[in-house]
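Input: a single structure, listed below in structure tokens.
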Amino acid sequence: MTENARYLARQEKESNAEISTETIFQASGPDISRVPKTVGEWLTANEALGNWLRLSALASAVTFHEAYMSRICRSALMSDPLCRFGATGALDGTSLLKRGVEIDYEADQKLLTRDTWSKREANFRRLFSATDTSKMFPVSKLEKMRELRNQFAHGFGRSLDVPEPSNLQHRASGKISHSKLLDYLGVLSVSASAIDRHLMPNFIGSFEILHMFHCWKATNASNHSAREFKKYLIANGFPEANVPYCEELIAYYDNA
């Protein structure tokens with residue numbers, strides 16, 4: 001519908017930009033006053049809407065990326081609690097999990113999800129002994145996305161700059177093309193994958209599933225067999241779970 005309307009408007013604009021939208025779209029009803037009066041004005045408003053939607057999508061993606069950072073870094077810090085002190089592997093987080101103990105993670109978590117990306121990258125290197133972080137943290141692009149997200153979120157898409165008294169126009173908080181949005185989404189995807197490849201084998205392993213078992217066991221005290229836990233894993237997004245794997249995982253948990 002929108003693409004068809006845009007096509008019609010562009011076709012008409014070539015011959016007469018002042019033709020009314022009421023005529024070309026056969027618009028009517030009580031909300032007709034909300035529709036820009038000419039096709040030229042409608043196309044301008046439509047492009048502004050498209051830009052707002054792209055910025056909204058970017059803001060959502062950047063926020064999800066930060067939520068992912070918070071989640072996976074907490075998992076890594078719970079699994080290898082002394083890595084933050086440079087003692088990677090010195091203490092198995094499963095032993096603390098069984099005792100209901102978790103070293104406070106919020107201060108370290110904030111170091112990875114707040115401030116500029118150059119500082120976040122430096123903190124990640126320190127906490128998780130990372131060396132080549134170029135794919136995890138392409139700082140210049142991540143920083144540009146952070147700025148666009150913050151500007152959009154603070155003004156809900158409108159610039160908060162104070163204009164001169166005679167300037168009555170509302171300005172967008174920023175601009176982003178469709179191709180640039182796709183580029184940025186790709187950057188976030190590559191970043192998350194690279195962080196996964198560093199943290200999962202070196203710090204997390206199967207800890208998240210061990211944590212699932214710990215929580216499940218607490219509510220299934222009468223029957224926490226490997227077979228029953230396999231059913232639980234399959235029902236919660238792990239279709240490849242099997243009894244031998246669950247037996248090994250439970251044995252590891254019991255011996256931690």
Least distance between heavy atoms, Leu96 atom then Pro81 atom: CD1-CG, 3.8 Å
Can you tell me how far the CE atom of Met200 sits from the CD1 atom of Ile195, to the nearest 0.5 Å? 13.0 Å
Do Glu47 and Lys175 have side chains that get closer than 4.5 Å, going by heavy atoms? no
Just wondering, do Leu199 and Phe124 contact through their side chains at under 4.5 Å, heavy atoms? yes
Identify the two heavy atoms, one from Met136 and one from Leu142, that lie closest to each other, and give their separation to 0.1 Å. O-CD1, 4.1 Å
Test Arg114 against Glu106 for salt bridge (Lys or Arg N to Asp or Glu O under 4.0 Å), laying out the working first. CA-CA 12 Å; Arg114 298 187 181 183; Glu106 292 187 1; over 6 Å; no
If you define the side chain from C-beta out and look only at heavy atoms, does anything of Lys144 sit under 4.5 Å from Tyr184? yes
Hydrophobic cluster membership, with links at side-chain heavy-atom distances under 4.5 Å among I/L/V/M/F/W/Y: are Phe229 and Ile234 in one? no
Non-neighbouring partners of Asp92 that pass salt bridge (charged side-chain N to carboxylate O under 4.0 Å, His left out), sequence neighbours left out: none
Test side-chain contact (heavy atoms from CB on, under 4.5 Å) on Phe152 and Leu58 and set out the steps. CA-CA 9 Å; Phe152 176 85; Leu58 179 66; over 6 Å; no
Does a side-chain heavy-atom distance below 4.5 Å link Glu228 with Asn220? no
Identify the two heavy atoms, one from Ala256 and one from Thr94, that lie closest to each other, and give their separation to 0.1 Å. CB-CG2, 3.7 Å
Look at the side-chain heavy atoms of Ile, Leu, Val, Met, Phe, Trp and Tyr, link any pair under 4.5 Å apart, and say whether Val101 and Leu91 land in one connected group. yes
In terms of hydrophobic clusters joined by side-chain contacts under 4.5 Å, are Phe207 and Phe238 together? no
Less than 4.5 Å apart, any side-chain heavy atom of Asp115 and any of Lys110? no
Applying salt bridge (charged side-chain N to carboxylate O under 4.0 Å, His left out), can you list everything that pairs with Arg74, at least two apart in sequence or on another chain? Glu102
Side chain to side chain donor-acceptor pair (under 3.5 Å) contacts touching residues 192-205 (sequence neighbours left out): Tyr68-Asp196
So, do Cys73 and Tyr105 sit near enough that their side-chain heavy atoms are less than 4.5 Å apart? no
Closest heavy-atom pair, Tyr245 versus Ser206, reported as atoms and distance to 0.1 Å, is OH-OG, 3.4 Å
Beyond-backbone contact of Leu233 with Phe213, side-chain heavy atoms, under 4.5 angstrom: no
Would you call the rings of His214 and Tyr253 parallel, tilted or perpendicular, where under 30° means parallel and over 60° means perpendicular? tilted
Measure the OG-CG distance between Ser118 and Asn123 for me, rounded to the nearest 0.5 Å. 9.5 Å
Is the shortest side-chain heavy-atom distance between Leu77 and Cys83 below 4.5 Å? yes
Shared hydrophobic cluster, Leu249 / Leu97 (ILVMFWY, side-chain heavy atoms < 4.5 Å): no
Counting neighbours of NZ on Lys98 that are heavy atoms of other residues, nucleotides or ligands and sit closer than 6.0 Å, is the number greater than 12? yes
Given the rule in the side-chain contact (heavy atoms from CB on, under 4.5 Å) test, do Trp117 and Met145 qualify, once you have shown the distances and angles that lead to the verdict? CA-CA 10 Å; Trp117 275 100; Met145 283 186 265; over 6 Å; no
Is there a side-chain contact (heavy atoms from CB on, under 4.5 Å) between Asn51 and Ile176? Walk through the geometry before answering. CA-CA 6 Å; Asn51 183 65; Ile176 184 172; 4.0 Å; yes
Spatial distance of atom CG (Leu55) from atom CG (Leu53) [nearest 0.5 Å]: 9.0 Å
Measure across Ser191 and His65 and return the closest heavy-atom pair with its distance rounded to 0.1 Å. OG-NE2, 3.0 Å
Residues Glu247, Ile250; criterion side-chain contact (heavy atoms from CB on, under 4.5 Å); working and verdict: CA-CA 5 Å; Glu247 287 176 340; Ile250 293 172; over 6 Å; no
Is there a donor-acceptor pair under 3.5 Å between the side chain of Asp183 and the backbone N or O of Ser179? no
Might you point out which heavy atoms bring Val62 and Leu188 nearest each other, and give the distance in Å? N-CD1, 4.0 Å
Report yes or no: does Arg99 contribute a side-chain atom to a donor-acceptor pair with the main-chain N or O of Ser95 at less than 3.5 Å? yes
Donor-acceptor check, side chain of Arg120 to backbone of Leu111, threshold 3.5 angstrom: yes or no? no
Kindly compute the distance separating OG (Ser140) from CD (Glu143), expressed to the nearest 0.5 Å. 9.5 Å
Interatomic spacing from SG in Cys246 to CD1 in Ile209 - rounded to 0.5 Å: 8.0 Å
With under 30° as parallel and over 60° as perpendicular, where do the rings of Trp216 and His224 fit, or are they tilted in between? perpendicular
Could you tell me whether a side-chain N or O of Asp132 sits under 3.5 Å from a main-chain N or O of Ser134, the two making a donor and an acceptor? yes
Nearest 0.5 Å, what's the CG-OG distance between Leu181 and Ser56? 10.5 Å
Give a yes or no on whether Leu185 and Met69 share a hydrophobic cluster (residues Ile, Leu, Val, Met, Phe, Trp, Tyr; joining criterion: side-chain heavy atoms under 4.5 Å apart). yes
Checking the side chain of Thr113 only, and the main-chain atoms of Glu66 only, is there a donor and an acceptor separated by less than 3.5 Å? no
